[in-house]
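Below, read A as the first sequence line, B as the second, and so on, with proteins coming before strands; counting in each chain starts at 1.
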Protein chains: 2
Amino acid sequence: MTKPPTRIQKRNQAAILSAGLEIFSQYGFRGTTLDQIADAAGLSKPNLLYYFPSKEAIHTALLERLLENWLDPLKALNSDGDPVREIIAYAHRKLALSKGYPRESRLFANEILQGAPRIENILHNDLKQLVDEKAAVIKGWADAGKIAPVDPYHLIFSIWALTQHYADFDVQVRAVLPDSDPYKGAATYLDHVISRILQP
Amino acid sequence: MTKPPTRIQKRNQAAILSAGLEIFSQYGFRGTTLDQIADAAGLSKPNLLYYFPSKEAIHTALLERLLENWLDPLKALNSDGDPVREIIAYAHRKLALSKGYPRESRLFANEILQGAPRIENILHNDLKQLVDEKAAVIKGWADAGKIAPVDPYHLIFSIWALTQHYADFDVQVRAVLPDSDPYKGAATYLDHVISRILQP
DNA sequence: CGTTCTTTTGACCATCTGGTCAAACCAAGA
DNA sequence: TCTTGGTTTGACCAGATGGTCAAAAGAACG
């Protein structure tokens, strides 16, 4: 019998999650303080704790929301489609995620860097199962000669690395790149890389 | 007139830096406590502060030590060498760095994720200058038709991403990979990827 | 307007954290 | 052995931090 959230609850919970994402993704869990989040959300600290019972709860909520969509791009890889097209499309979905949700990407990166204490089981279960499944599909394509005979696991890692790099190492990319929008050149380059990798 | 460090100073400073690297690389600057470092180094907290004046000082020392070698692999890229060989060799040097110094890689990743507050100027000066120089070399090779016409900046980013991923996302890689040593397959795959990217 | 339920806040607390300091301890050379 | 200078520590401190609570202030609705 949970009551539907009020207008104010919706607004404030959204503000807290948005603020939490901003801060957690930059400073990590331990590096973030409730005061920082409260400030960014425009609330007092006790008011913030009226909506979420603890710092941990905010972080958990953010991770859960992130993981809901994090695996979608890979899930959508279709074993019946054209191999090269499918994998390129996957890489582009991942790049779009980095571009559209860089803070989520950094939140995830922070979690992994710290040893993934809160999502280790998800990595070992959901993620591993999904990757195993799709790796098998890719291996099938390779065995059939439809793509180059590459290790499917490392292929997937390389797509993760190539795309998430632009979100996670944003500061470095922008420090080095003369161009103002890294993602423009990134998409073109990604096309080149993946199609070259896969050419039988 | 600085005195040479005593035997005990050498031992303890090394222990502190090693412990600091271990903890900082996992929890980031703010997520790390002096007690954690002191514990890991086998010293009391005041004793630790006898050797380094502050938490900041330990972190700075580690970053400086790291940066001393961080750019070497790229510096060694020789404009007179064989283009494809040179770039592949560079990628392998980077991969070796990830394998041999994963904690340093994660320390760097943490710093970048947090917006690089302590090394922003180095990124904008030393790093940018070096990358600009080597990107020009690579562009020359591309223009001469010796390698495929790729954007040299994104090529360099992709080498960083592909190699550092194995150190920074180690937990995730090991959660997914059936194999026990990710670096074995990684080297082979890296060879494949870079040579395919560069084929004119 | 009055009642009820939600929302907000100021004051407060225990614990953690970076850092200090004087005093004790110890290594090593004269 | 004594002295000197480097080393270690227990006790301590101020400020930060996660979290609590009772009471005040606002919505919502008849």
Side-chain angles (χ1 to χ4, degrees), chain A residues 1-64 107 110-111 114 117-118, chain B residues 1-64 107 110-111 114 117-118:
Chain A
M1 285 298 260
T2 50
K3 291 181 183 176
T6 69
R7 173 178 51 93
I8 297 177
Q9 277 168 1
K10 272 192 221 165
R11 168 171 48 85
N12 284 346
Q13 276 171 4
I16 292 168
L17 288 177
S18 170
L21 177 60
E22 186 71 30
I23 316 288
F24 277 130
S25 68
Q26 197 174 129
Y27 299 105
F29 182 76
R30 297 205 39 194
T32 294
T33 74
L34 285 178
D35 285 298
Q36 277 178 295
I37 300 178
D39 270 5
L43 299 172
S44 67
K45 189 169 58 171
N47 199 181
L48 184 154
L49 287 163
Y50 172 73
Y51 291 100
F52 287 86
S54 68
K55 182 182 172 183
E56 188 79 43
I58 303 173
H59 193 255
T60 302
L62 282 168
L63 270 184
E64 278 172 4
L107 182 74
N110 253 309
E111 183 65 16
Q114 301 187 9
R118 297 153 220 279
Chain B
M1 287 296 262
T2 49
K3 292 182 183 176
T6 69
R7 173 179 51 92
I8 298 178
Q9 277 168 1
K10 271 192 219 165
R11 167 170 51 85
N12 284 345
Q13 275 170 4
I16 291 168
L17 288 177
S18 170
L21 178 59
E22 185 71 30
I23 315 287
F24 277 131
S25 67
Q26 196 175 131
Y27 299 106
F29 182 75
R30 296 206 40 196
T32 294
T33 74
L34 285 178
D35 286 297
Q36 278 178 294
I37 300 179
D39 269 5
L43 299 172
S44 66
K45 189 169 59 171
N47 200 181
L48 184 153
L49 287 162
Y50 171 73
Y51 291 99
F52 287 87
S54 67
K55 181 181 170 183
E56 187 79 42
I58 304 173
H59 193 255
T60 302
L62 283 168
L63 270 183
E64 277 171 5
L107 182 74
N110 252 310
E111 184 65 14
Q114 301 186 8
R118 297 154 220 279

Ignoring hydrogens, what is the shortest heavy-atom contact between [X] and [Y]? Give both atom names and the distance.
X	Y	result
A:Lys55	A:Thr32	NZ-O, 2.7 Å
A:Ile37	A:Ile58	CD1-CD1, 4.4 Å
B:Gln114	A:Gln26	CG-O, 3.0 Å
B:Ala40	B:Ala19	CB-CB, 3.6 Å
A:Leu107	A:Ser25	N-CB, 3.8 Å

It should be established whether [X] places a side-chain nitrogen or oxygen under 4.0 Å from OP1 or OP2 of nucleotide [N].
X	N	value
A:Thr6	C:dT6	no
B:Asn47	D:dT7	no
B:Tyr51	D:dG6	no

When rounded to the nearest 0.5 angstrom, what distance separates [atom1] in [X] from [atom2] in [Y]?
X	Y	atom1	atom2	result
A:Ile16	A:Gln9	CD1	CD	10.5 Å
B:Thr33	B:Asp39	OG1	CG	8.0 Å
B:Lys10	B:Tyr51	NZ	OH	13.0 Å
B:Arg30	B:Asn110	CZ	CG	13.0 Å

ring-ring contact (aromatic ring centres under 6.0 Å, His included) with A:Phe29: which residues, sequence neighbours excluded? A:Phe24, A:His59
Whole-Å gap separating [atom2] ([N]) and [atom1] ([X]):
X	N	atom1	atom2	value
B:Leu48	C:dG19	CG	P	10 Å
B:Leu49	C:dT17	CG	C1'	11 Å
A:Gln9	C:dT6	CD	C1'	8 Å

With the sugar-phosphate defined as primed atoms, P, OP1 and OP2, and the base as all remaining atoms, what B/S/- string results for nucleotides 21-30 of chain D, 5' to 3', for protein heavy atoms under 4.0 Å? B-----SS--
Heavy atoms of other groups near A:Tyr27 OH, more than 12 under 6.0 Å: no
May I ask you to list the residues of residues 10-31 of chain B, by number, that have any heavy atom positioned under 4.0 Å from an atom of DNA chain D? B:Asn12, B:Arg30
By a strict heavy-atom criterion of less than 4.0 Å, which residues belonging to residues 32-41 of chain B are in contact with DNA chain D? none
Report the C-alpha separation of A:Leu21 and A:Leu17 in whole Å, then their side-chain angles, then the decisive distance to 0.1 Å, and conclude whether the side-chain contact (heavy atoms from CB on, under 4.5 Å) test is met. CA-CA 6 Å; A:Leu21 177 60; A:Leu17 288 177; over 6 Å; no
Take B:Asn12 and B:Leu48 through the side-chain contact (heavy atoms from CB on, under 4.5 Å) test and state the conclusion after the steps. CA-CA 8 Å; B:Asn12 284 345; B:Leu48 184 153; over 6 Å; no
Select one nucleotide: of D:dT20, C:dT8, D:dT8, the one nearest the side-chain heavy atoms of B:Tyr50. D:dT8
Just checking A:Phe52: base, sugar-phosphate only, or nothing, at a heavy-atom cut-off of under 4.0 Å? nothing
Terminal axes of the helix from C:dC1-D:dG30 to C:dA30-D:dT1 (five pairs each): angle between them, nearest 10 degrees: 10°
Can you list, in residue-number order, the parts of residues 54-63 of chain B that come under 4.0 Å of DNA chain C, counting heavy atoms only? B:Ser54, B:Lys55
